Amino acid sequence: MKKVIVLLNRKAGMTREEFRSYYEGHHVPLATSLMKNCKKYVRNYARDDEDRDVRFPLSSHDCVSEFVFDIDEPWRGGDQVFEASGLAALGEDEKRFIDVDSVQVLIVDEYQTNF
């Protein structure tokens with residue numbers, strides 16, 4: 001299993017609501033139609049919450065997306081997780097709502113504590 005975290009920012013001029021609406025209504029259906037080996041896909045959208053711990057600044061990221069893939073070999077991305085025929089369309093769609101120059105990707109090992 002491989003877990004990938006992607007930190008995303010919305011394209012300049014978009015509100016957080018417009019970003020979320022486009023991501024959920026258009027990009028998610030496109031991406032999931034092209035995904036392979038994906039067991040879990042979660043989007044975590046930032047909130048402008050006044051009831052936060054003021055010791056820590058709010059992140060500049062608008063969304064943290066999580067992917068869990070059923071892949072045991074070393075991570076190559078791309079053709080391991082998406083149908084190659086759709087990669088160009090997926091990339092073009094991302095440019096419509098994501099500041100692609102600010103995207104950050106983490107391939108992580110998850111440690112979980114259950115209560």
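Computed from heavy atoms alone, side chains included, the values below leave out hydrogens, waters and symmetry copies. Numbers here simply count residues along the sequence, with the first being 1. What you see is a predicted model, and the numbers here were worked out from it, not measured in a lab.
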K.L.:
According to side-chain contact (heavy atoms from CB on, under 4.5 Å), who are the partners of E92, at least two apart in sequence or on a separate chain?
P.N.:
K95
K.L.:
If you take all heavy atoms of L8 and S65, which pair is closest and at what distance?
P.N.:
CD1-OG, 3.7 Å
K.L.:
Rest of the hydrophobic cluster containing I5 (Ile/Leu/Val/Met/Phe/Trp/Tyr, side-chain heavy atoms under 4.5 Å)?
P.N.:
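Same cluster as I5: L7, V64, L106, V108.
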K.L.:
Identify each donor-acceptor pair in which a side-chain atom of residues 32-43 lies under 3.5 Å from a protein atom, sequence neighbours left out, and give them as a table.
P.N.:
| from | atom 1 | to | atom 2 | distance (Å) |
| --- | --- | --- | --- | --- |
| T32 | OG1 | V28 | O | 2.9 |
| T32 | OG1 | P29 | O | 3.2 |
| S33 | OG | L30 | O | 2.7 |
| K36 | NZ | D79 | O | 2.8 |
| N37 | ND2 | Q80 | O | 2.8 |
| Y41 | OH | Y23 | OH | 3.1 |
| R43 | NE | E24 | OE2 | 2.8 |
| R43 | NH1 | Y41 | O | 3.1 |
| R43 | NH2 | E24 | OE1 | 3.0 |
| R43 | NH2 | E24 | OE2 | 3.4 |

K.L.:
My understanding is that only residues two or more places apart in sequence, or in another chain, count here; which of them pass side-chain hydrogen bond (donor to acceptor under 3.5 Å, both in side chains) with R16?
P.N.:
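If we apply the side-chain hydrogen bond (donor to acceptor under 3.5 Å, both in side chains) test to R16, skipping adjacent residues, the hits are D48, D62.
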K.L.:
State, to 0.1 Å, how close S102 and N9 come at their nearest heavy-atom pair, and which atoms those are.
P.N.:
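Heavy atoms of S102 and N9 come nearest at OG-ND2, 3.1 Å.
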K.L.:
Listed by chain and number, what are the salt bridge (Lys or Arg N to Asp or Glu O under 4.0 Å) partners of E83, not counting sequence neighbours?
P.N.:
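So E83 forms no salt bridge (Lys or Arg N to Asp or Glu O under 4.0 Å) with any residue.
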K.L.:
State which residues pass salt bridge (Lys or Arg N to Asp or Glu O under 4.0 Å) with E18; sequence neighbours excluded, sorted by chain then number.
P.N.:
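Not a single residue meets the salt bridge (Lys or Arg N to Asp or Glu O under 4.0 Å) criterion with E18.
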K.L.:
Other than V68, what residues sit in its cluster of Ile, Leu, Val, Met, Phe, Trp and Tyr side chains whose heavy atoms are under 4.5 Å apart, directly or through others?
P.N.:
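Members besides V68, by chain and number: M1.
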K.L.:
Nearest 0.5 Å please: distance from the CE atom of M14 over to the OG atom of S21.
P.N.:
8.0 Å
K.L.:
Please confirm whether the ring centroid of F97 lies under 6.0 Å from the ring centroid of H27.
P.N.:
yes
K.L.:
Mind checking who shares a hydrophobic cluster with F115, ILVMFWY linked at side-chain heavy-atom distances under 4.5 Å?
P.N.:
none
K.L.:
Got a second to check how far H61's NE2 is from Y45's OH, nearest 0.5 Å?
P.N.:
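H61 atom NE2 to Y45 atom OH measures 15.5 Å (nearest 0.5 Å).
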K.L.:
Using the side-chain hydrogen bond (donor to acceptor under 3.5 Å, both in side chains) criterion, which residues pair with E110? Sequence neighbours excluded.
P.N.:
K3
K.L.:
Checking V4 now: which residues fulfil side-chain contact (heavy atoms from CB on, under 4.5 Å) with it, not counting sequence neighbours?
P.N.:
V6, F67, F69, W75, V105, I107
K.L.:
Who are the side-chain hydrogen bond (donor to acceptor under 3.5 Å, both in side chains) partners of N44, not counting sequence neighbours?
P.N.:
E66
